[in-house]
Structure formats: structure tokens, C-alpha cells
Amino acid sequence: MKVYNTLSRKKEEFVPLNEGKVKMYVCGPTVYNFIHIGNARPMIVFDTVRRYMEYKGYEVNFVSNFTDVDDKIIKKAVEEGVSAQEISQRYINECKKDMSDMNVKPATTHPLATQEIDGMLKMIGSLMEKGFAYAVEDGTVYFRTRKFEEYGKLSHKNLDDLQAGHRSIKVTGEDKEDSLDFVLWKPKKEGEPYWESPWCKGRPGWHIECSVMAKKYLGDEIDIHAGGEDLIFPHHENEIAQSEACNGKIFAKYWLHNGFLNIDNKKMSKSEGNFFTVREIGEKYDLQVLRFFMLSAHYRSPLNFSAELMDAASSGLERIHNAAENLRHLSKNTDLQSMADEERELWKGSDVFVEKFEKAMDDDFNTADAISAIFEYVKYCNTNVKQESSQELLDSLYQRMEQLCDVLGIILAKEEVLDEEIERLIAERQAARKEKNFARADEIRAILSDKGIVLEDTREGVKWKRV
RNA sequence: GGCGCAGUAGCCAAGUGGUAAGGCAUGGGUCUGCAACACCCUGAUUCACCGGUUCAAAUCCGGUCUGCGCCUCCA
């Protein structure tokens, strides 16, 4: 399996620190509002990475934090006249609901920044002892960036260029030793939540949170650290500086970053008016469609979002669902149990699609190519399966489809129980059709359509599905 | 200014040296009471442009154009 490592800017063979195990940390959202569809991309993409790792037999320890103390949360709390904790807890719950609707698995651990203050104080203290941090008069603690010689190795930045850039836009932090230095701990302002520390009553800087949570739940050395590409600098660069300066070990072996989601080829932003929450999209589409859409491009490429593209994704996903439904339907109605000899050949013939799927995923999680393998598999099933197929073949093909789709987090609709009313109407319609009373047949179809039930008359009988 | 990404059919998108996957949409057909599903056929002499390397390039090198991102605690 090869993964693209931002650190080396190359695809590298994936070799875990401990055989059979993967330690993975993904930077989570700041919870001050509903998550937007840009937040959804890393969630979906790295959930898929995790699922594929698990498919390959790795035991994955997946940690993703919630940043629950931050200027924006405090601002929102002040606006509503409630506590910051109330805001963060509310949006953590909403975020978890969205994740569930997108079929993103819960992390092994979802740590909260506010629950990890002790660890942060400890790490900051350790950095001070080692000379990597210093406190100034008002109690702010800074990281001494230039002392960490490898600073810039992830974003491949030259410190002097950075310095030049900073000088021209420098507005605050005049008390820093160097404009590159960043905050580890900052004093509270009036009315803000705070914690006691040796330097001042205050709260942690953003970067220290992730370093500490990764260390606590995964250890000093982890396999994969992931997030949006905008986090490369400064967030991840700073995490490396903090963790490696403190622990004296390489922090993360592989750094994975997803590309941005654009709306109409522009960056999504509230001021542009092209801002969508996952919740809003969920009102128009099943979030499975959003997931399928996001996986239709490579995770490192920029991805454009539009209603047309979502509709196209929806049609494509439906094709897969139809094929699955067809297999289920045939299996339920067939009289034949075991595979015949020619069916064994057919079954064996479907191995190539699994191989293609795995090859694509092994190549830096090429989900677009993996999806094409699923489509080819779908066609193979549609073409080769018939009413006289055995249950064993049908079920085998179905399970294989389910297995591949599960890696991508695509759920093939479960068998649902028919209401007796619906069943009765379908039977009545069948009788009407037999008598060539098509007016009544169409009427019944319209009635069911209003209830969200779509009927399809096929050679193999009447199929129905909820839409 | 520094660093980086991208440009493949109407749309989306794989393919990174061996002669252009897949999906959506379109049009035609089979099936069908109709519809839907499914299946068959329909598509790039060509991969932004110009040079170069090579027996061979969408793929490698140089240049040009266009779009975009980061360098601001924005995923």
C-alpha cells in the first residue's frame, strides 16, 4: 500500500510502526456551529482511509479531537448569553449526528481540548525546561520557533521568507522574541473561560491541543496524522515543532492532507454567500450521496461542489443500489440453492474487480478508480445474473458488493418490511393489470408514489423501493 | 514576492513512457400496457499551447497561457 506523504512529497510504501496496527490522528472541527460541507471532506476521506486499513486487516486506533475552546465559541456564547461549554456541547452533538448520517464511524477516541488541560500544562512546562518556550510579562507563553532547527520541514518553507512575510503584515505579538514564535498559552480576557497555570490564568493556544491529545491517546510516535491541506501551515508545522521538541522523537511518520472543496470553483466562504452546512445539504439529498460524491475524486485534488454534480452522483449511486436490489430480489425468489459449475466460473470471474478495487485503494486511496471497479462489477452482475441463478451465487455476489461498498462507507439498502397496506395495494394493482385495467393500476402506483414507494415491473416480478 | 496544485469528451473523472478506464448526460435500439430498471449501440485520431528527449509521450524535460491554493488559529 502506498500513501502520499506531505513530508516527503512522494508516495511511500506504508509500513506501520507496529505490525498489524495503525495509530492515526485527524484534526477535528472547532465546534461553534453546524459543520459545513468543507469540514465533511476530511471526515469522509479519512474515515475511508480507516475503513480500508481495517479491510486490510489492520487494527486502527483512530483519534479525532473536538476543539471546544476557541475565540469563535466564546463569541457565539456571548451572543447567545450562554456558557461556552453549552455552545460546544451542542455542536459536538450536532456534528456527531451529521457524521452518523454520512456514515462516518465514530473515532476510537474523540478527546475534547478542555478535558486535556493538565497534559497541555505539562507539555508546555517541559518545553520551557528544554528552552523551547518562554513566558512574557503578561503571562503569555510562546514557542521559540527558531530553536527547533527542523521547523518548516512539513510545509517546506524557508524561515527567512516567512520572517519577511510576517514583517510586512505584523500587527500583534510585539513582545515576542521573534515574529515566528507562536502562542502556547495565553491570558484570559474578561468573561472568558480560563484555567490556572504557572504563568497566568488563561487558556491554551490551538496547536498545543493536538500535540497533547495525540500523545496521550496514541503515544509519542504515530503512524498517520491527517487533516485539510490548509492545516499544513502553520498548524501541523507547529505540532511537529512542539511534539518533537518535547518528546525527542519523530512525531508522525506519514502526513496526509485532503484538498479543498470549492463551490462553483471558488473557495467556500460566508461572505461570498456560497456556504453550505452538512445539515442543509442533508435536507435536499441523502448524505450517502454527499459521501459518494466526495469519493468520486481523488482526496488530494480540489473538488468542486454544485447541484448538477450532486445530481449526477445521485444517479450513479442509484445504479449501484439498483444492482444490489436486483441481487436481493432474485435471491429471495429463486428455487435453486447451490452454484452450478458454470456459476462457479462466473463467481471466479468477478475476482478481477476486487483486484482492481484493491489496486486502486493501495495506490494512495484512489477512490475514484475504486468506484469505477465497483461500476464494472455492477455491470458484470447485471449482465450475468438471471432468474435461474442459484441463491448461493446471488448471495455471494451481493456480499462481495456489500464488502466493497462498505470500504467506501456506502450502505446498500437493507431489506425493509412491507406494510400490509402497501402489500395489499401491490396485489390489487397486479390483479388490475391482469384484467388490463391500467387506469386502476396507474392510480395505485400514484398512491404508492405519494407514500414514497416506487414500483418497477420487471421480468422477475414487481419490485418496489423507498425514495 | 516565496512555496505548491491543476488544465483529459457536453459534464465529472482515472490513467504518470507502450498507443485514452469508469460514471452522469445525449441520441438510437432491445425489453415493456405505459413508466422505471437493465442490456446493446452512440462518443476524444486525441489529453491547454509551443518546442525537446525517445523506436514510442496525456505521461519525461524546457518554455508559454489559463485557473486555483497556502504564506492570516479557514477542513
Side-chain angles (χ1 to χ4, degrees), chain A residues 6 9 11 26-30 35-46 67 70-72 152 155-158 160-162 164-166 168-172 182-183 186 205-207 209 226-235 237-238 257-262 265-270 292-293 296-298 300-304 306 308-323 325-326 329 356 360 363 366-379 381-383 385 433 436-439 441-442 445 449 454-460 463 465:
Chain A
T6 305
R9 289 182 177 171
K11 282 184 195 173
V26 180
C27 290
T30 301
I35 56 165
H36 55 70
I37 55 176
N39 291 309
R41 172 115 104 142
M43 289 177 183
I44 288 170
V45 158
F46 297 118
T67 296
D70 167 271
D71 287 344
K72 278 182 266 191
S155 53
H156 303 93
K157 287 182 188 302
N158 175 297
D160 296 320
D161 291 343
L162 279 174
H166 270 258
S168 58
I169 55 171
K170 187 167 154 185
V171 279
T172 54
F182 57 90
V183 173
K186 59 179 160 191
W206 177 39
H207 312 298
E209 298 174 11
E229 66 180 358
D230 59 319
L231 295 182
I232 295 171
F233 188 89
H235 185 54
E237 195 71 71
N238 291 353
H257 294 97
N258 65 276
F260 253 55
L261 183 79
N262 296 318
N265 296 309
K266 276 195 211 123
K267 190 171 164 169
M268 174 166 65
S269 76
K270 281 185 177 164
F292 186 71
F293 162 73
S296 70
H298 189 92
R300 283 189 283 116
S301 304
L303 177 61
N304 201 35
S306 72
E308 292 72 33
L309 295 171
M310 282 292 283
D311 290 340
S314 180
S315 300
L317 183 59
E318 199 175 328
R319 181 174 163 79
I320 295 170
H321 281 141
N322 282 337
E325 166 57 27
N326 189 233
H329 183 263
K356 182 177 171 180
D363 182 18
N366 191 336
T367 52
D369 227 11
I371 286 173
S372 84
I374 290 180
F375 275 120
E376 288 175 41
Y377 180 72
V378 159
K379 182 162 208 158
C381 292
N382 285 339
T383 321
V385 126
R433 291 178 73 207
K436 304 225 184 277
N437 181 356
F438 297 122
D442 288 346
R445 183 159 60 185
S449 172
V454 172
L455 299 184
E456 289 176 8
D457 300 325
T458 70
R459 272 162 297 195
E460 299 92 25
K463 285 189 210 162
K465 63 183 175 189

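Fair warning: this is a prediction, and the values are worked out from it, not measured in the lab. We use all heavy atoms of the structure for the numbers below, so side chains are in, but hydrogens, waters and symmetry mates are not. Here is the naming used below: chain letters follow the sequence lines, and residue numbers restart at 1 for every chain.
- Nucleic acid contact class of A:H207 (heavy atoms, under 4.0 Å, all strands): none.
- Remark: RNA chain B forms stems of 3 or more consecutive Watson-Crick or G-U wobble pairs, all pair distances under 3.5 Å, at B:1-7 with B:65-71, B:10-12 with B:22-24, B:27-30 with B:38-41, B:48-52 with B:60-64.
- For the C1' atoms, the distance linking B:A21 with B:C65 amounts to 29 Å, nearest Å.
- In the set B:G15, B:G69, B:A75, B:G15 carries the atom at the smallest distance from any side-chain atom of A:N366.
- Within 4.0 Å of A:K186, counting heavy atoms only, lies at least one base atom of the nucleic acid.
- Judged purely by distance below 3.5 Å, without hydrogens or angles, the side chains of A:N326 and A:H329 never pair a donor atom with an acceptor atom.
- Classification of the A:H207-A:F182 ring pair by plane angle, with boundaries at 30° and 60°, yields perpendicular.
- For A:L309, the side-chain atoms get nearest to B:C12 when compared with the rest of B:U72, B:G4, B:C12.
- Taking the side chain of A:E456 as heavy atoms from C-beta on, and the options B:A36, B:C71, B:A13, the nearest nucleotide is B:A36.
- Note on A:E318: nothing from the nucleic acid sits closer than 4.0 angstrom, heavy atoms only.
- Rounded to an integer number of Å, the gap from CH2 of A:W206 to C1' of B:C74 is 8 Å.
- Counting to the nearest Å, the C1' atom of B:C5 and the CD1 atom of A:I232 are 11 Å from each other.
- Heavy-atom nearest nucleotides on RNA chain B were determined for A:K465 and for A:P234, and the one closer to the 5' end corresponds to A:K465.
- Comparing the same atom, P, in B:C47 and in B:U59 gives a spacing of 9 Å after rounding to whole Å.
- The pair A:E456-A:R445 fails the salt-bridge criterion, with no side-chain N (NZ, NE, NH1 or NH2) lying under 4.0 Å from an Asp/Glu carboxylate O.
- Contact annotation: A:N304 side-chain N/O to B:C68 OP1/OP2 distance is not under 4.0 Å.
- Of the two residues contacting RNA chain B, namely A:P29 and A:K11, the nearest-nucleotide position lying further toward the 5' end is that of A:K11.
- Distance, A:L261 CG to B:C12 P: 14 Å, rounded to whole Å.
- Remark: A:K267 is not in phosphate contact with B:A75, judged by side-chain N or O atoms under 4.0 Å from OP1 or OP2.
- Of the candidate nucleotides B:C70, B:A14, B:A75, B:A75 has the atom lying nearest to any side-chain atom of A:N258.
- Atom name C1', nucleotides B:G43 and B:A20: the rounded distance is 13 Å, in whole Å.
- For the OP1/OP2 pair of B:C39 and a distance below 4.0 Å, the side-chain nitrogens and oxygens of A:N382 include at least one atom meeting the criterion.
- Salt bridge status for A:K463 with A:E325: absent, with no side-chain N to carboxylate O gap under 4.0 Å.
- Qualifying salt bridge (Lys or Arg N to Asp or Glu O under 4.0 Å) partners for A:R300, counting only residues two or more places apart in sequence or in other chains: A:D364.
- In terms of phosphate contacts, A:K72 brings a side-chain nitrogen or oxygen within less than 4.0 Å of OP1 or OP2 of B:C74.
- With B:C71, B:G69, B:A75 as the choices, the nucleotide that has an atom nearest any side-chain atom of A:P42 turns out to be B:A75.
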Exercise for review: Assign a letter to each nucleotide of nucleotides 17-33 of chain B from its 5' end: B, base within under 4.0 Å of a protein heavy atom; S, sugar-phosphate only; -, no contact.
Suggested key: ----BSSSS-------B
